[in-house]
Amino acid sequence: MRVRFAPSPTGALHIGGARTALYNWLLARGQAYGPEGKPGTLVLRIEDTDRERSTPENVEQILDALRWLNLGWDEGPVFQSERSERHREVLAQVLESGHAYHSAANAEDVQAYKERHGFERGFRGREEDAGAVRLRVPDEGETIFDDVIRGQIRFANASIDDFVIARADGSVLYVFANLVDDLDAGITDVVRGEDHISNTPKQLLVLDALGIAAPRYAHLPLLYGPDGRKLSKRHGAASVQELRAAGYLPEAVDNYIALLGAGFAADEEFFGLEELARRFRLERVSKNPAVFDERKLRHLNGRWIRELGTDELTRRLEEFTGRAGLHDAVGISEEKIQTLTEFWPLVGFLFDGPANDPRAFQKVICSNGGVECLKAARDALARAEPFTVENVESALREVVEDRGTKPAKVFQPVRVAIAGTTVSPGIFESVALLGRAETLARIDRALEHAG
RNA sequence: GCCCCCAUGGUCUAGCGGUUAGGACGCCUGCCUUUCACGCAGGAGAUCACCGGUUCGAAUCCGGUUGGGGGUACCA
């Protein structure tokens, strides 16, 4: 089996494209678990023939996104722009066999033709000496194919235009270039977005003209934003690098995107790439479009964060934040974050000093005996020896005991004194990690500030 | 307009002729508890878009309607 992912570098890789890439990857990789017993080949092709919109930066962004998602390819990247000679060669072939012809007809001519013949009628042109190249579409019959996901799809030939396959200068158009490249790459299974369904009969017609058998086709449902409309910038993180910047792990993105459009099991949804490949069945991909829901991605991301383990998570967080020496801070906070972005706001106080939250200070320290509790806590912590999590805990719990109060009455003032806010990792762990000197200094500063 | 695709709680899905329509996210309640989370235990939420047909029996099969989406370029 040979599959391909053929993005156009006209922008960043969006999650819809990422999912197409993922499904192709899963299909190829999953062959190893099927009757073939060995993985298929994934070819990466960059369809950069749109000179105005394609840029090298976009190409690099796409490759970068695929690498980040761990979706490696086996061949390529092949650049479509470098294959124009071959495109012209095949074009000459269909011209010579009479399956295609030159025509000077333009959009207006096509429109006029339809007004005359009815809009369900495909345009039929007359052969001329020059002009764009159009494929001769038969009036009779149907072009039919079996979509792996959707079943049989049929188009009446009469309703298909004699479509343009090349400009007057001989440069070919998308439907044609795309087909020729798939052919030369020996692609056996074309897995692409639903927006290509209406291209399929056209490519099938070209294939007929060439006398070559068609590959299998599978058209994936599209992805939408929360408002049910096509995904775009206004929906927040729509591109892969935006998801990365938002603190999502590639494992979670792969996992979530795989789920968007297919059920992999009746009762479990937490899967890594390899397990997804093992379970992936193209024919079971759902037919209806899915809405991208960042809340579920967040949930999976949280699970993956906890799955990684402290050492690996530390590596990711050090790269993400650009700070070093984070291991201990990760250890006491990993259970509390859903995305990498949430890490620093939670533990930054350990490195950069307490945050400034006057409301928390006022509420927790300056009222209900907060100052007294804080003083007592300070004295107890001054005596804790050695300054371990266990000893910090028993010291603070003794204060609670002595004063006959609720734990939070003591813990919260300490928390606000060292972190500046009411939200932080566990208080004993935080205090122990900060160390005695720094903890006492911060408590003193808070007491001073409270007057 | 024309061609094509699609339709299960708010969202993603399981289901493939007989189920109290299952799970996940989110939401609500309780437990845990040191804040926030995690975890655990419960709960609310679906006339399976609508109308016909086939059948003893339909979310499941067929037709139509409505709604949504894609295409309709000498873009990709």
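Every chain is numbered from 1, with letters handed out A, B, ... down the list of sequences.
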Practice problem: Looking only at side-chain atoms of A/R134, point me to the closest of B/U35, B/G71, B/C74. | Solution: B/C74

Please output the side-chain donor-acceptor pairs of residues 346-363 of chain A that fall under 3.5 Å, not counting sequence neighbours, one pair per line with the distance.
| residue | atom | partner | partner atom | Å |
| --- | --- | --- | --- | --- |
| A/D352 | OD1 | A/R323 | NH2 | 2.9 |
| A/D357 | OD1 | A/R359 | N | 3.3 |
| A/D357 | OD1 | A/A360 | N | 3.2 |

Quiz item: Using purine N1 to pyrimidine N3 plus N6-O4 or O6-N4 for Watson-Crick, or N1-O2 and O6-N3 for G-U wobble, both under 3.5 Å, which nucleotide pairs with B/G26?
Solution: none

Self-check item: Side-chain donor/acceptor of A/T200 to backbone N/O of A/H196, under 3.5 Å
Solution: yes

Quiz item: Taking for each residue the nucleotide of RNA chain B with the nearest heavy atom, is it A/Y256 or A/R397 whose nucleotide lies nearer the 5' end?
Solution: A/Y256

Self-check item: Rounded distance in Å between the P positions of B/G63 and B/U54
Solution: 15 Å

Quiz item: Can you tell which of B/C3, B/C74, B/U34 lies closest to the side chain of A/E120?
Solution: B/C3

Quiz prompt | Phosphate OP1/OP2 of B/U8: any A/N288 side-chain N/O under 4.0 Å | solution = yes

Quiz item: In the strands shown, is B/C61 matched to any nucleotide by a Watson-Crick or G-U wobble pair with both distances under 3.5 Å, and which?
Solution: B/G53

Quiz item: Does the base of B/C36 carry an N or O that pairs as donor and acceptor with the side chain of A/K336 under 3.5 Å?
Solution: yes

Exercise. For B/U19 and B/C31, measure between their C1' atoms and round to the nearest Å.
Key: 32 Å

Self-check item: Whole-angstrom distance between B/A21 and B/A46, as gauged at atom C1'
Solution: 9 Å

Quiz prompt | Whole-Å C1' distance, B/U34 and B/G22 | solution = 38 Å

Exercise. Report yes if a side-chain nitrogen or oxygen of A/R298 is closer than 4.0 Å to either non-bridging phosphate oxygen (OP1 or OP2) of B/U11; otherwise report no.
Key: no

Self-check item: Identity of whatever pairs with B/A7 - Watson-Crick or G-U, under 3.5 angstrom
Solution: B/U66

Quiz item: Considering Watson-Crick and G-U wobble pairs with both distances under 3.5 Å, what does B/U20 pair with?
Solution: none

Quiz item: Side chains of A/Q111 and A/E115: is there a donor and an acceptor less than 3.5 Å apart?
Solution: yes

Practice problem: Select one nucleotide: of B/C2, B/C74, B/U34, the one nearest the side-chain heavy atoms of A/A408. | Solution: B/U34

Quiz item: According to a strict under-4.0 Å criterion, is A/S286 in side-chain N/O contact with OP1 or OP2 of B/U13?
Solution: yes

Quiz item: When the C1' atoms of B/C16 and B/C28 are considered, how many whole Å apart are they?
Solution: 34 Å

Practice problem: Report which part of the nucleic acid A/V164 touches: base, sugar-phosphate, or nothing (heavy-atom distance under 4.0 Å, all strands). | Solution: sugar-phosphate

Quiz item: Given B/G69, B/C74, B/C36, which nucleotide is nearest the side-chain atoms of A/A132?
Solution: B/C74

Quiz item: B/C75 base to A/R53 side chain: any donor-acceptor pair below 3.5 Å?
Solution: yes

Exercise. For A/T339 and A/N301, test the side chains for any donor-to-acceptor distance below 3.5 angstrom and give the result as yes or no.
Key: no

Quiz item: Under 3.5 Å, is there a donor-acceptor pair between the side chain of A/Y217 and the main chain of A/V191?
Solution: no

Exercise. Check for a donor-acceptor pair, side chain of A/E275 on one end and backbone N or O of A/G272 on the other, with a separation under 3.5 Å.
Key: no

Self-check item: A/A290 side chain, from C-beta outward: closest of B/U13, B/C38, B/G15
Solution: B/U13

Exercise. Between B/C61 and B/U8, how far apart are the P atoms? Round to whole Å, please.
Key: 14 Å

Exercise. Ignoring backbone atoms, establish whether A/R167 has a side-chain N or O less than 4.0 Å from OP1 or OP2 of B/C75.
Key: yes

Practice problem: Can you tell me, in whole Å, how much space there is between the C1' of B/A7 and that of B/G15? | Solution: 16 Å

Pairs under 3.5 Å (N/O, protein and nucleotides 22-27 of chain B):
| residue | atom | partner | partner atom | Å |
| --- | --- | --- | --- | --- |
| B/G23 | O2' | A/D267 | O | 3.4 |
| B/G23 | N2 | A/E269 | OE2 | 3.0 |
| B/A24 | O2' | A/E269 | OE1 | 2.9 |
| B/A24 | N3 | A/K296 | NZ | 3.2 |
| B/C25 | OP1 | A/H299 | NE2 | 3.2 |
| B/C25 | O2' | A/K296 | N | 3.3 |
| B/G26 | O2' | A/R295 | NH1 | 3.1 |

Exercise. Name the nucleic acid region contacted by A/R121, choosing base, sugar-phosphate or nothing; use a 4.0 angstrom heavy-atom cut-off, strictly under.
Key: nothing

Quiz prompt | Sugar-phosphate only, base, or nothing, as touched by A/A105 at under 4.0 Å among non-hydrogen atoms | solution = base

Practice problem: State, with a plain yes or no, whether a side-chain heavy atom of A/F145 is found less than 4.5 Å away from one of A/F155. | Solution: yes

Quiz item: Which value, in whole Å, describes the distance between the C1' atoms of nucleotides B/G69 and B/G26?
Solution: 25 Å

Self-check item: Under 3.5 Å donor-acceptor, A/H102 side chain and A/V133 backbone
Solution: no

Exercise. Looking at every strand, decide which applies to A/T10 at a 4.0 Å heavy-atom threshold: base, sugar-phosphate, or nothing.
Key: nothing

Quiz item: Under the criterion side-chain contact (heavy atoms from CB on, under 4.5 Å), which of A/T314, A/L313, A/L317 is the partner of A/H327?
Solution: A/T314

Practice problem: Please determine, for B/C31, whether a Watson-Crick or G-U wobble partner exists with both distances under 3.5 Å, and give it or none. | Solution: B/G39

Exercise. Can you figure out which of B/C4, B/U35, B/C12 approaches the side chain of A/F155 most closely?
Key: B/C4

Exercise. Would you indicate what A/G261 reaches in the nucleic acid, counting non-hydrogen atoms under 4.0 angstrom: base, sugar-phosphate, or nothing?
Key: sugar-phosphate

Quiz item: For the side chain of A/Q412, counting heavy atoms from C-beta on, which of B/U35, B/C2, B/U34 is nearest?
Solution: B/U35

